[in-house]
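So the structure is just underneath, and the comments pick up after that.
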Amino acid sequence: PMRMPHADRASSPAAGHGTEPPAAGDVSCSPTWAQPSRTTASVFVACNGSSEIVEIDLRDWALVRRIAAGPGVYNLGTTRDGKLIATNRRDQSVSVFDTQSGKELARVRTRRTVVHGVAVSPDDRYAFISVEGVAAEPGTVEVLDLTSLTIVAAVDVGPQAGGIDVLSVVDSR
C-alpha cells in the first residue's frame, strides 16, 4: 500500500499512534508494550511495525521466539494460567494466545476501530479492553470473557480511551 505523507495521515480521523501500516518491506519491531511473563523469566514485547510478539529471556537478554500476531499488535496482558492477550491496533480486534505454545486461541472483533489497552481482572476471568473513539465517537471499554473468548459487555467512556488498569482492593479488616 502507498504510504501517505505525514500531513495527510494527520487529517485522517484514525491516523497515527500505530494505526498506519508500515512502509512496504519495513519489518522493524516498533515496540509499543512490554509485558513480563507469568514466571518473570522473560518479557513479551508487542512489535507494532512487524505485527509480531517477541519473547526475550531476561537472564541472557536473548530472543526466545517470535509469535505472529494481529496487524499492528499494540498492548499486552497476561494471566497466571498462561494466556497472553494482545490488542491489534490495525485490525479492530483482540487476540488471545497460549503462552506455552504461542498458538492464537481466538481473535475477537471489537465494537469500535482503534483498539488500545488491556488489563486483566485479578481472578484472570476477564480482560478489559480500552478502545479509542474516532472523530465524534466516544471511547469504549469492552469486557472479554477469557473462558468463552467472547465480548460480554461494553460501556462508552470519554473520547481517546487509552491505557487501562484494574485495581484490586484488599479488605484489611
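For clarity, every value in this text was computed on a predicted model and none was experimentally measured.
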Within one Ile-Leu-Val-Met-Phe-Trp-Tyr cluster: [X] and [Y], side-chain cutoff 4.5 Å:
X    : Y    : value
F128 : V155 : yes
L146 : I151 : yes
I67  : W33  : yes
V118 : V54  : no

For this session: Begin from the C-alpha positions of L58 and T40 and carry the test side chain to side chain contact (heavy atoms under 4.5 Å, CB included) through to its verdict.
Result: CA-CA 8 Å; L58 293 176; T40 67; 5.6 Å; no
Side-chain touch [X]/[Y], heavy atoms, less than 4.5 angstrom:
X    : Y    : answer
L105 : L149 : yes
V94  : I85  : yes
F44  : R65  : yes
T140 : V157 : no
V73  : I53  : yes
L76  : L84  : yes
V131 : H116 : no
R59  : S42  : no

Donor-acceptor contact below 3.5 Å, side chain [X] vs main chain [Y]:
X    : Y   : value
D124 : R80 : yes
T87  : R89 : no
T113 : Q92 : no
D91  : S93 : no

Which pair of non-hydrogen atoms, one from [X] and one from [Y], has the smallest distance, and what is that distance?
X    : Y    : value
A46  : C29  : O-SG, 4.5 Å
F97  : A69  : CZ-CA, 4.0 Å
V45  : P31  : CG1-CB, 3.7 Å
S51  : P71  : OG-CA, 3.4 Å
A154 : E142 : CB-CG, 4.0 Å
N48  : T32  : CB-CG2, 3.6 Å

Exercise. Below 4.0 angstrom, N of the basic side chain to O of the carboxylate: do D98 and K103 qualify?
Worked result: no
Exercise. Can a salt bridge be assigned to the pair E137 and R112 using a cut-off of 4.0 Å between side-chain N and carboxylate O?
Worked result: yes
Problem set entry | Test side chain to side chain donor-acceptor pair (under 3.5 Å) applied to D81 - qualifying residues, sequence neighbours left out |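 So D81 forms a side chain to side chain donor-acceptor pair (under 3.5 Å) with T79, K83.
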Roughly how far, to the nearest 0.5 Å, is the [atom2] atom of [Y] from the [atom1] atom of [X]?
X    : Y   : atom1 : atom2 : value
R107 : S95 : CZ    : OG    : 4.5 Å
S37  : I56 : OG    : CD1   : 11.5 Å
N88  : Y74 : CG    : OH    : 13.0 Å
E55  : L63 : CD    : CG    : 9.0 Å
T99  : Q35 : OG1   : CD    : 11.0 Å

